[in-house]
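The figures here come from the full heavy-atom set of this structure, side chains too, leaving out hydrogens, waters and symmetry mates. The model shown is predicted, which means the values in this text are computed figures rather than measured ones. Each chain gets a letter, A, B and so on, in the order its sequence line appears, and its residues count up from 1.
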There are 2 protein chains.
Amino acid sequence: MQKLNFTPTGNLSDELVDQIRTMIVDERLPEGQRINEVHLAEQLGISRTPLREALTRLISEGALEAIPRRGFFVKALSIEEVNDIYPIRALLDPEALALSGLPNAEQMQYLNQLNQAILAETEPFNIIALDDAWHLALIQNCPNKVIFDLIHQFMLRTRRYEYGLMKSKDNVNTAIEIHQAIMDALEAGDLPAACQALKENMEHGRKPIVQWLQSRDSETGGTS
Amino acid sequence: MQKLNFTPTGNLSDELVDQIRTMIVDERLPEGQRINEVHLAEQLGISRTPLREALTRLISEGALEAIPRRGFFVKALSIEEVNDIYPIRALLDPEALALSGLPNAEQMQYLNQLNQAILAETEPFNIIALDDAWHLALIQNCPNKVIFDLIHQFMLRTRRYEYGLMKSKDNVNTAIEIHQAIMDALEAGDLPAACQALKENMEHGRKPIVQWLQSRDSETGGTS
DNA sequence: TAATTACATACTGTATACAGTATGCAAAAA
DNA sequence: TTTTTGCATACTGTATACAGTATGTAATTA
């Protein structure tokens, strides 16, 4: 039962990383859960070797942790991590935007399209993917590829947190409005204002997530 | 020929990552080189499975890259990467120091000891390790663990560049003087000045590396 | 002589086998 | 009834086997 018998590009573990990350984000693999390699491997239709290579990569991404001789575990969501990461993005994202400069007309149109697509989308997982795409499109001209990749990495790392959040339409609408404000500044040709708005976006994006985590932690159980 | 037959903590690949990174830094594995897994595995006295897991991790660190069906390659040193990373550290390090606050007397003494140890050391590899240790000690109180880890990651990633540089005693002395200037500001209780000095340190640290790379690239061959 | 094709070799990517440790349960003793 | 100890089971970590692709060389043809 091979997944794909035409694999001209990429290895099995490449696709596995995306697949397993998605399972962690949508909580099919809930936080704290121990990964049973044999079970997961046969569930995914592959052997343990490429699976372990994928799990190893997800440790670097911060989605998993390993305890020697005990195995891989899904990392717990933590308020500390949110409080740490969002201020970093408040530093990195505006810097990336400043380095990128103003987007051209075509790029502006694409940003608008994405923002409207977010409005139309109802599936939380897709909303997050579109939101991330918007933020990446904003800095697509960034000449500093390391910053770009770093931001991309943090996006993947915070998807688990935003997944819980984006179930509420209120938070989605807020995000759309902030995007609009940034785009307004860009269309006015005011790059510093756009950077400032982006910085505030990141600083304020932290708060509702922390609140959600706190309310979640005060409950004992959760609905599946 | 086992490396250690008492491994109560940690897996083989944990130690392999450090070992192979060192081989890349000191150019036993030169840039661009294709990694022969069979050869390297038997050279290190282990099998290909844990080796491949270690190599996978070193891709995340930026030391290697993988081409499907071709294998792992040591990433080439690039001026672009240096130009990208040092401005990021000029952003992150001062922020981490600001969050850390002033070090206490004991910590100041440790910073002084490290700086003197750098002066006494002659081996480039050790100089870099001490320099990194100094910069980490500077921000050891940083409450933002993600920034701390990020800086640590960038240190490992830039060791290859600094190894070429630290062969010149001039550059070592410059580093020591800058450390001293930062410590002077700290002992005066002026945290903002220390952050500013650290920022300038990072911004200026980039230049000699780029110059070294340019002069190196204009030569055809190199001494072993 | 230069170019192209066919073949032998080597290496990667994946699966599987094996060894050693952790875990949970049952039985026995206090 | 509670605690402790021994054993069976399950799972991780590592080694090895196998399949398929890339690579280099030699032979053949233009």
Side-chain angles (χ1 to χ4, degrees), chain A residues 1-21 23-24 28-61 63-75, chain B residues 1-21 23-24 28-61 63-75:
Chain A
M1 189 189 282
Q2 292 108 304
K3 207 86 249 248
L4 291 168
N5 30 12
F6 54 100
T7 56
T9 165
N11 296 341
L12 265 183
S13 56
D14 291 328
E15 330 195 7
L16 281 176
V17 170
D18 291 336
Q19 219 170 333
I20 298 169
R21 189 195 304 111
M23 293 174 75
I24 294 172
R28 265 175 294 170
L29 292 173
E31 55 180 322
Q33 176 141 120
R34 179 178 184 168
I35 306 268
N36 186 319
E37 296 173 15
V38 176
H39 190 70
L40 185 56
E42 66 188 27
Q43 180 182 335
L44 297 171
I46 41 86
S47 77
R48 283 177 61 214
T49 307
L51 174 61
R52 280 181 61 92
E53 290 185 7
L55 296 175
T56 298
R57 289 207 235 171
L58 285 166
I59 290 177
S60 306
E61 274 193 23
L64 297 176
E65 59 191 338
I67 302 176
R69 298 278 159 195
R70 295 281 316 286
F72 297 89
F73 294 79
V74 179
K75 254 181 85 174
Chain B
M1 187 190 284
Q2 291 109 304
K3 208 87 249 256
L4 292 167
N5 29 10
F6 55 99
T7 54
T9 166
N11 296 341
L12 264 181
S13 56
D14 291 328
E15 330 196 8
L16 282 175
V17 170
D18 291 337
Q19 220 171 331
I20 298 168
R21 189 195 304 111
M23 293 174 74
I24 294 172
R28 267 175 293 170
L29 291 173
E31 56 179 321
Q33 175 141 120
R34 178 178 184 165
I35 305 269
N36 186 320
E37 295 174 16
V38 176
H39 189 70
L40 185 57
E42 65 188 27
Q43 180 183 334
L44 297 171
I46 41 87
S47 77
R48 284 177 59 214
T49 308
L51 174 60
R52 280 180 61 92
E53 289 185 8
L55 297 175
T56 298
R57 288 206 236 171
L58 286 165
I59 290 179
S60 306
E61 273 192 23
L64 297 176
E65 60 191 337
I67 301 177
R69 299 277 159 194
R70 296 280 316 284
F72 297 89
F73 293 78
V74 180
K75 255 181 84 173

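For B:Glu53, the side-chain hydrogen bond (donor to acceptor under 3.5 Å, both in side chains) partners are A:Arg52, not counting sequence neighbours. Residues forming a side-chain hydrogen bond (donor to acceptor under 3.5 Å, both in side chains) with A:Glu31 (at least two apart in sequence, or on another chain): A:Arg216. By the side-chain hydrogen bond (donor to acceptor under 3.5 Å, both in side chains) test, A:Thr49 pairs with no residue at all, sequence neighbours left out. A:Glu65 is linked by a salt bridge (charged side-chain N to carboxylate O under 4.0 Å, His left out) to nothing, counting only residues two or more places apart in sequence or in another chain.
With rounding to the nearest 0.5 Å, the separation of NE2 in A:His39 from CG in A:Leu44 is 9.5 Å.
Between B:Asn36 and B:Leu40, every side-chain heavy-atom pair lies at or beyond the 4.5 Å cut-off.
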Note to self: I need a per-nucleotide contact map over nucleotides 10-19 of chain D, read 5' to 3'. Cutoff is protein heavy atoms under 4.0 Å; write B for the base, S for backbone only, - otherwise.
What the structure shows: -SBBBBBB--
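Taking 4.0 Å as the cut-off between side-chain N and carboxylate O, A:Asp14 and A:Arg57 count as a salt-bridged pair.
Axis angle across the helix from C:dT1-D:dA30 to C:dA30-D:dT1, with five pairs used at each end and values rounded to 10°: 10°.
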